[in-house]
Number of protein chains: 2
Amino acid sequence: MLQLYDLFLKTGLRPFAFMSDTLHLEQNVTRSDMSTLLILLFRGDLTMSELAAEMGAPLSSMTSIAKRLERKGYIARATSAQDQRVKLVTLTQEGRLLGKQWESIMLGMLGRLETAFSTEEMEQFTTLLFKAARVFQEGGPLKPHETMTRPIKIKIEE
Amino acid sequence: MLQLYDLFLKTGLRPFAFMSDTLHLEQNVTRSDMSTLLILLFRGDLTMSELAAEMGAPLSSMTSIAKRLERKGYIARATSAQDQRVKLVTLTQEGRLLGKQWESIMLGMLGRLETAFSTEEMEQFTTLLFKAARVFQEGGPLKPHETMTRPIKIKIEE
DNA sequence: AATAATTACTACGATATCGTACTAAAGGGG
DNA sequence: CCCCTTTAGTACGATATCGTAGTAATTATT
């Protein structure tokens with residue numbers, strides 16, 4: 001359990017730093033940049049607000065990030081025809097390319113996880129992870145007792 | 001599995017933002033600050049280098065953080081008697097107090113997890129989490145997107 | 001239709017992180 | 001001892017995030 005604190009404390013400062021050596025291709029581009037490109041790749045063109053929401057970042061931060069990415073030539077911003085206020089963000093050819101590069105890296109990571117985990121473990125892992133995330137985010141007062149979903153028990157190979 | 005990407009993308013930018021609302025007591029102090037105080041609380045007095053290592057941050061960042069915390073009166077830095085180069089970082093009374101406050105918040109979080117999870121789930125969760133972390137950090141060559149043998153899928157009742 | 005409120009962003013300034021270059025103390029031959 | 005290397009930390013500058021305060025376009029209200 002102490003390990004859990006440990007992971008938390010490290011991850012708190014430098015998100016996923018523990019895997020960052022592996023992700024050394026992050027050269028020259030921020031983590032935010034990477035996230036943005038990947039989101040655009042997955043979700044298609046989005047407005048600034050939508051992007052910000054997907055990223056979980058404030059809109060003002062999103063502006064900075066977008067400006068940077070535009071300067072580097074990875075995205076383009078065009079004002080929408082229907083509503084002059086909204087800007088539609090699109091991947092350029094280069095941006096799409098870079099995004100795909102990262103996608104494949106992430107697939108590689110995932111693949112590594114999948115080779116290390118059995119299928120059951122994998123499912124367990126994701127299920128539990130999201131359950132945990134849900135528990136944390138839908139905060140509320142710390143209740144001592146709550147109904148819970150039926151536990152699934154499998155044996156884990158170390 | 002898409003969800004996993006999702007979590008990654010959000011967490012990548014704003015570490016643990018998904019639980020940050022709950023941690024609203026973070027007012028006025030950085031995540032790094034919090035980590036630092038907690039580490040000092042758990043591990044006792046440390047040198048700058050040791051602290052940096054625990055945090056997983058570069059030493060130069062640690063200097064900034066320490067300076068800030070010193071200015072706010074949460075830590076004190078004293079040069080070691082044996083080696084004039086090293087600075088020993090200590091919690092002040094105030095720092096210790098604040099640290100304990102956060103410790104109890106974290107305990108609360110953990111408690112919430114424990115009420116939501118069964119004992120088996122909890123065990124599996126931590127085990128899998130660390131297994132995953134290990135997989136990522138001691139990464140091998142990581143060839144992007146190799147096709148790999150997919151294990152047989154077994155369905156698990158939720 | 002004129003005004004008020006809201007929405008979708010951007011600008012700007014404050015503060016954070018971190019790479020590189022530097023300084024000073026400690027250790028290690030010769 | 002003196003020089004050379006290593007170690008522990010700081011300084012500084014570049015770049016990032018993000019809260020607050022604007023601005024312009026849209027929608028609502030009377």
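Numbered from 1 within each chain, the chains take letters A, B, ... in sequence-line order.
Hydrophobic clustering, with ILVMFWY side chains joined whenever heavy atoms are under 4.5 angstrom apart, keeps Val86(B) apart from Leu91(B).
A side-chain donor-acceptor contact under 3.5 Å links Gln82(B) and Ser80(B).
Distance from the side chain of Thr47(B) is smallest to dG9(D) among dC9(C), dA26(C), dG9(D). For Ser61(B), the listed nucleotide lying nearest its side chain is dT17(C); candidates were dT17(C), dG19(D), dA25(C). The nucleotide whose nearest atom lies closest to any side-chain atom of Leu59(B) is, among dG9(D), dA26(C), dT17(D), dG9(D). With distances taken from any side-chain atom of Thr30(A) to the nucleotides dT17(D), dA25(D), dC9(C), the minimum falls on dT17(D). Among the nucleotides dA26(C), dT17(C), dT10(C), the one closest to any side-chain atom of Ile65(B) is dT17(C). Among dG9(D), dG19(C), dA16(C), the nucleotide with an atom closest to any side-chain atom of Ser32(B) is dA16(C). Comparing dC9(C), dT26(D), dC18(D) by their nearest atom to the side chain of Ala57(A) picks out dC18(D). Checked against dA25(D), dT10(D), dC18(D), the side chain of Asp83(A) finds its nearest nucleotide in dA25(D).
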With the criterion being N/O to N/O and under 3.5 Å, what pairs connect the protein with nucleotides 3-7 of chain C, and how long is each?
unit_1	atom_1	unit_2	atom_2	d
dT7(C)	O4'	Arg85(A)	NH1	3.4
dT7(C)	O2	Arg85(A)	NH1	2.8

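Every residue two or more places apart in sequence or in another chain that forms a side chain to side chain contact (heavy atoms under 4.5 Å, CB included) with Thr90(A) is listed here: Asp45(A). With sequence neighbours excluded, the residues forming a side chain to side chain contact (heavy atoms under 4.5 Å, CB included) with Arg85(B) are Asp83(B), listed by chain and number.
Applying the 4.0 Å criterion to OP1 and OP2 of dA16(D), one finds that Arg68(A) has a side-chain N or O inside that range. The side chain of Arg77(B) places no N or O atom within less than 4.0 Å of a non-bridging phosphate oxygen (OP1 or OP2) of dG9(D).
The interatomic distance linking Met55(B) (CE) with dG9(D) (P) rounds to 15 Å, in whole Å. Distance Asp33(A) CG to dT15(D) P: 13 Å, rounded to the nearest Å. If you measure from atom CG of Leu88(B) to atom P of dA8(D), you get 13 Å, rounded to the nearest angstrom. One can place CD of Glu70(A) at 13 Å from P of dC9(C), the figure rounded to the nearest angstrom. Atoms CE (Met62(A)) and C1' (dC9(C)) sit 12 Å apart, rounded to a whole Å. Distance NZ (Lys67(A)) to P (dC9(C)): 15 Å, rounded to an integer number of Å. Glu50(A) has its CD atom 13 Å from the C1' atom of dC9(C), to the nearest Å. When rounded to the nearest whole Å, the span between CG of Leu51(B) and C1' of dT10(D) equals 15 Å.
The shortest side-chain heavy-atom distance between Lys72(B) and Asp33(B) falls under the 4.5 Å cut-off.
For a distance-only test at 3.5 Å, the side chain of Thr63(B) fails to qualify as a donor-acceptor partner of the base of dG9(D).
The residues Arg43(A) and Glu50(A) are annotated as not salt-bridged, no charged nitrogen and carboxylate oxygen being separated by less than 4.0 angstrom. We find that Lys131(A) and Glu121(B) are joined by a salt bridge, their nearest charged nitrogen and carboxylate oxygen being less than 4.0 Å apart.
Where Lys72(B) and Ser60(B) each meet DNA chain C at their nearest nucleotide, the meeting point lying more 5' is that of Lys72(B).
Atom NZ of Lys100(A) sits in a sparse spot, with 12 or fewer heavy atoms from other residues, nucleotides or ligands closer than 6.0 Å.
Within 4.0 Å (heavy atoms only), Gln82(B) reaches sugar-phosphate atoms of the nucleic acid but no base atom.
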